Visitor: 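Mind having a look at this structure? Questions to follow.
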Amino acid sequence: MTSQEIKSLTHQYIMNTYGRFPVAVDHGQGARLYDPEGREYIDFTSGIGVTDLGYGYQPWAEAVAVQAGKLNHVSNLFYTETPARLAEVLCKRTGESCVFFANGGGEANEGMIKLARKYSFDKYGQGRAAIITLKNSFHGRTITTLKATGQDVFHNYFFPFTEGFRYAEANDLRGLEASAGDDVCAVMVELVQGEGGVLPLDQAYVKDLAALCAERDWLLLADEVQTGVGRTGSLFAFQQYGIVPDAVSFAKGIAGGLPMSGVLANEKCRDVLGPGTHATTFGANPVCAAAGLVVQETLTDAFLEEVKAKGGYLRKGIESLDLPCFGKTRGLGLMIGVEVKDGFTNKDIANRLIENGLLVLTAGPGMRLLPPLVITREEMDKGLEIMRKTLS
């Protein structure tokens, strides 16, 4: 099909819930994507942080094909090998105790919220179920995770929302304590606020928050849907903050492009969700787990150090262009935010870059760059050159 045919068919039969850019994608290789007519795009989006191994990565494709030919799905009523192996790797690499596998980020955060509330109910009874999240956060698009999201713009249309959430300013521990009370069971944070503008939390604040949660027996919940699986230059961002949360949600890049997510939990939380209290039909799918094992095998310590180096290279390259529309950069690893100066809009900038062959994302009022973790210096340089020619 041609690009226009794909777009027309999409408009006719798929709900119009996305503000799509006018690009149809047919295939890819590395960090490059191509439309049906063969036009090349440098990809600084990786499917919103999902295709961490890029496109056409043969070990991943072969593992998926082999597992699909062997066993595609039997449900969690039976035992299968690949999810058990993936769970072992994740626990050993993070210091957590166990895993619940799900399908998407919102579902993982729902599971983490349920875990926190049941932990508190089992230990203290009813009346201790409130969860504090941070202003400018984003935790998903279900009714509950929309309410957990600390942005008023998302609290519309779908009334009534799930109750039991309150919000505190990021990096303000005193303000968080003031918003708490005897009814709190957990605090949920993104260590880098992604949709809010790629805003890393302060190191000292996170450590003090972890200590406060331990003192009050509040569960510390880390939403690493976007920051996890090597995106920030460590397997999970919490490892750069010197803490081990009580529970960690993950999704996006865990299976390199297949739908998979989950919750890691520590020892005190491993038995909170017993049989019948939480479940999913497709979670721990053997094909997705086989893909996830290839991701873990690829994300060695040396590979993750290179992710940090690539992030530094790309940020320095953007700032050295001295473009009139861009200010400073921020972020961790290959999760990069770029300030957009007054007088410019991120949507206009994104459209102009995409027209010229560079796929980018927006977040808050700024730009968000999430290239595949396997992106090469040559591909980054080509993306930077498109920025220079388009935006100077």
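Below, each value reflects all heavy atoms present in this structure, side chains not excepted, and no hydrogens, waters or symmetry copies. Because the structure is a prediction, the values reported are computed rather than measured.
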Visitor: How would you list, by chain and number, every residue that makes a ring pair (Phe, Tyr, Trp, His ring centres under 6.0 Å) with F161, sequence neighbours excluded?
Guide: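 Listed in chain order: F159.
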Visitor: Side-chain heavy atoms under 4.5 angstrom apart, residues restricted to Ile, Leu, Val, Met, Phe, Trp, Tyr: same cluster for M387 and I354?
Guide: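 M387 does not cluster with I354.
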Visitor: Tell me whether L115 shares a hydrophobic cluster with V189, the cluster being built from Ile, Leu, Val, Met, Phe, Trp, Tyr side chains joined at under 4.5 Å.
Guide: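 Unlinked, L115 and V189 end up in two clusters.
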Visitor: Taking only Lys NZ, Arg NE, NH1 and NH2, and the carboxylate oxygens of Asp or Glu, determine whether D183 and R166 approach each other closer than 4.0 Å.
Guide: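 The answer is yes: the pair qualifies as a salt bridge.
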Visitor: To the nearest 0.5 Å, what is the distance between CG (L264) and OG (S97)?
Guide: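 So the gap between those two atoms works out to 10.0 Å.
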Visitor: Decide yes or no on salt bridge (Lys or Arg N to Asp or Glu O under 4.0 Å) for K328 and E339, but give the supporting numbers first.
Guide: CA-CA 6 Å; K328 293 183 178 179; E339 176 190 352; over 6 Å; no
Visitor: What is the minimum heavy-atom distance between C269 and Y119, and which atoms define it?
Guide: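 It is SG-CD1, 4.4 Å.
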Visitor: Regarding E378 and K382, does a basic nitrogen lie under 4.0 Å from an acidic carboxylate oxygen?
Guide: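 No, no charged N to carboxylate O under 4.0 Å.
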Visitor: For residues N356 and Y41, is any side-chain donor paired with an opposing acceptor at under 3.5 Å?
Guide: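 On atom types as modelled, these side chains do not qualify, holding no pair under 3.5 Å.
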Visitor: Same hydrophobic cluster for I375 and I318, using side-chain heavy-atom links shorter than 4.5 Å among ILVMFWY?
Guide: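 Result: yes, single cluster for both.
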Visitor: Charged N to carboxylate O under 4.0 angstrom, E379 versus K310?
Guide: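 Looking at E379 and K310, the cut-off is not met.
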Visitor: So do L221 and V187 actually touch side chain to side chain, heavy atoms under 4.5 Å?
Guide: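 Side chain of V187 against side chain of L221, heavy atoms only: no contact under 4.5 Å found.
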Visitor: Indicate yes or no: at least one non-hydrogen side-chain atom of E224 is less than 4.5 angstrom from one of T227.
Guide: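 Heavy-atom side-chain distance check passes, below 4.5 Å.
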Visitor: Name the one of V360, T390, L358 that satisfies side-chain contact (heavy atoms from CB on, under 4.5 Å) with R352?
Guide: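 So, applying the side-chain contact (heavy atoms from CB on, under 4.5 Å) to R352 and each of V360, T390, L358, only T390 qualifies.
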Visitor: If you define the side chain from C-beta out and look only at heavy atoms, does anything of V198 sit under 4.5 Å from I336?
Guide: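 No, every pair of side-chain atoms sits at 4.5 Å or beyond.
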Visitor: Cation-pi check, R377 to Y313: give yes when NZ or CZ is under 6.0 Å from the six-membered ring centre and within 45° of the ring axis, no otherwise.
Guide: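 Cation-pi check for R377 and Y313: passes.
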Visitor: Taking all heavy atoms of V64 and all of A291, pick out the closest pair and write down the distance.
Guide: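 Heavy atoms only, the tightest pair is CG2-CB, 3.8 Å.
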Visitor: Do the side chains of E385 and R388 get close enough for a salt bridge, i.e. N-O under 4.0 angstrom?
Guide: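 Salt bridge: yes.
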Visitor: Is L173 close to Y205 at the side-chain level, that is, under 4.5 Å between some pair of heavy atoms?
Guide: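 Contact flag for Y205/L173 side chains = yes.
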Visitor: Mind checking whether P365 and V340 have side chains closer than 4.5 Å, heavy atoms only?
Guide: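 P365 vs V340: side chains apart.
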Visitor: Does the side chain of L369 come within less than 4.5 Å of L361's, by heavy atoms?
Guide: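 No, side chains not in contact.
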Visitor: Please assess K308 against E305 for the test salt bridge (Lys or Arg N to Asp or Glu O under 4.0 Å), listing each intermediate value before the final yes or no.
Guide: CA-CA 5 Å; K308 291 180 183 177; E305 284 300 315; 3.5 Å; yes
Visitor: Please give me the minimum heavy-atom distance between S3 and P36, naming the atom from each residue.
Guide: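 Taking S3 first and P36 second, the nearest heavy atoms are OG-CD, 3.2 Å.
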Visitor: Is there any salt bridge (charged side-chain N to carboxylate O under 4.0 Å, His left out) pair reaching into residues 231-260, and which pairs are they, with sequence neighbours excluded?
Guide: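 Counting only pairs at least two positions apart or across chains, the salt bridge (charged side-chain N to carboxylate O under 4.0 Å, His left out) contacts touching residues 231-260 are D246-K268.
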Visitor: Yes or no on side-chain hydrogen bond (donor to acceptor under 3.5 Å, both in side chains) for S137 and Q151, after CA distance, side-chain angles and deciding distance?
Guide: CA-CA 7 Å; S137 62; Q151 299 186 57; over 6 Å; no
Visitor: Going from CD on Q4 to OG1 on T2, what distance comes out if it is rounded to the nearest 0.5 angstrom?
Guide: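 Here the rounded value is 6.5 Å.
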Visitor: I'd like to know if E319 and R315 make a salt bridge, using a cut-off of under 4.0 Å between side-chain N and carboxylate O.
Guide: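 Between R315 and E319 there is no salt bridge, as every charged N stays at least 4.0 Å from the carboxylate O atoms.
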Visitor: Taking the ring of F138 and the ring of F154, is the distance between their centroids below 6.0 Å?
Guide: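 Centroid distance F154-F138: below 6.0 Å, so yes.
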Visitor: Among residues at least two apart in sequence or on other chains, which ones pass side-chain contact (heavy atoms from CB on, under 4.5 Å) with Q29?
Guide: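 Scan of Q29 (side-chain contact (heavy atoms from CB on, under 4.5 Å), adjacent residues dropped) gives none.
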Visitor: Go through M367 and I349 one step at a time and tell me if the side chain to side chain contact (heavy atoms under 4.5 Å, CB included) criterion holds.
Guide: CA-CA 9 Å; M367 308 303 300; I349 292 169; 4.1 Å; yes
Visitor: Please round to the nearest 0.5 Å and tell me the distance separating atom CG of L370 and atom CG of L359.
Guide: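 Rounded to the nearest 0.5 Å, the CG-CG separation comes to 12.0 Å.
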Visitor: Report, as yes or no, whether the 6.0 Å neighbourhood of atom CG on D122 holds more than 12 heavy atoms from other residues, nucleotides or ligands.
Guide: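 Result for CG/D122: enclosed.
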Visitor: Please determine whether side chain to side chain contact (heavy atoms under 4.5 Å, CB included) holds for the pair D52 and V295, giving the CA-CA distance in whole Å, both sets of side-chain angles, and the decisive distance to 0.1 Å.
Guide: CA-CA 8 Å; D52 40 11; V295 172; 3.8 Å; yes
Visitor: Quick one: do S234 and Q240 satisfy side-chain hydrogen bond (donor to acceptor under 3.5 Å, both in side chains)? Show the steps, please.
Guide: CA-CA 7 Å; S234 52; Q240 296 186 53; 3.0 Å; yes
Visitor: To the nearest 0.5 Å, what is the distance between OG1 (T94) and CZ (F236)?
Guide: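 Output value for this atom pair is 6.5 Å.
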Visitor: With sequence neighbours left out, what residues match R216 under side-chain hydrogen bond (donor to acceptor under 3.5 Å, both in side chains)?
Guide: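 With sequence neighbours excluded, R216 shows a side-chain hydrogen bond (donor to acceptor under 3.5 Å, both in side chains) to E177, given in chain and number order.
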Visitor: Test of understanding: clusters of I, L, V, M, F, W, Y form through side-chain heavy atoms closer than 4.5 Å, transitively. Do V66 and V294 belong to the same one?
Guide: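 Per the 4.5 Å side-chain linkage, V66 and V294 are not co-clustered.
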Visitor: Could you check whether R141 makes a cation-pi contact with Y157, meaning its NZ or CZ is under 6.0 Å from the centre of the six-membered ring and within 45° of the ring axis?
Guide: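 No, cation not above the ring by the 6.0 Å, 45° rule.
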Visitor: Could you tell me if the side chain of T133 sits less than 4.5 Å from the side chain of T149, heavy atoms only?
Guide: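 No - every pair of side-chain heavy atoms lies 4.5 Å or more apart.
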Visitor: Test side-chain hydrogen bond (donor to acceptor under 3.5 Å, both in side chains) on Q239 and R93; report intermediate values, then the result.
Guide: CA-CA 10 Å; Q239 294 169 312; R93 295 189 72 177; over 6 Å; no
Visitor: Closer than 3.5 angstrom, by distance alone: can the side chain of N76 be matched with the main-chain N or O of G283 as a donor-acceptor pair?
Guide: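 Such a contact is found between N76 side chain and G283 backbone.
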Visitor: Which residue pairs satisfy the ring pair (Phe, Tyr, Trp, His ring centres under 6.0 Å) criterion with at least one member in residues 265-303, sequence neighbours excluded?
Guide: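 Sorted pair list: H73-F282, F100-H278.
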Visitor: Run the side-chain hydrogen bond (donor to acceptor under 3.5 Å, both in side chains) check on R368 and Q226 step by step: do they pass?
Guide: CA-CA 12 Å; R368 176 174 43 158; Q226 194 166 147; 3.0 Å; yes
Visitor: Going by atom types only, do N103 and S261 share a side-chain donor-acceptor pair under 3.5 Å?
Guide: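 No, no side-chain donor-acceptor contact under 3.5 Å.
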Visitor: Starting from Y57, can I reach L258 by hopping between I/L/V/M/F/W/Y residues whose side chains sit under 4.5 Å apart?
Guide: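 In one cluster with L258: Y57, yes.
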Visitor: Has the side chain of T82 got a donor or acceptor atom that lies under 3.5 Å from a matching backbone atom of A289?
Guide: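 No: the side chain of T82 does not pair with the backbone of A289.
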Visitor: Please report the interatomic distance CD1(I243) to CG(L191), rounded to the nearest 0.5 Å.
Guide: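 The CD1 atom of I243 sits 5.5 Å away from the CG atom of L191.
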Visitor: Between F250 and V225, is any pair of side-chain heavy atoms under 4.5 Å apart?
Guide: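 No; the side chains remain at least 4.5 Å from each other.
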Visitor: What's the verdict on ring pair (Phe, Tyr, Trp, His ring centres under 6.0 Å) for F165 and H139, showing C-alpha distance, side-chain angles and the deciding distance?
Guide: CA-CA 12 Å; F165 295 94; H139 296 294; 8.5 Å; no
Visitor: Specify the closest pair of heavy atoms between G257 and T51, including all atoms of both residues, with the distance to one decimal.
Guide: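 Between these two residues, the closest heavy atoms are CA-CG2, 4.3 Å.
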Visitor: Can you tell me how far apart CG (D348) and OG1 (T345) are? Round to the nearest 0.5 Å.
Guide: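 So the CG of D348 and the OG1 of T345 are separated by 4.5 Å.
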Visitor: Check side-chain contact (heavy atoms from CB on, under 4.5 Å) between P200 and all other residues, then give those that pass, not counting sequence neighbours.
Guide: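 Only V192, Y241 meet the side-chain contact (heavy atoms from CB on, under 4.5 Å) criterion with P200.
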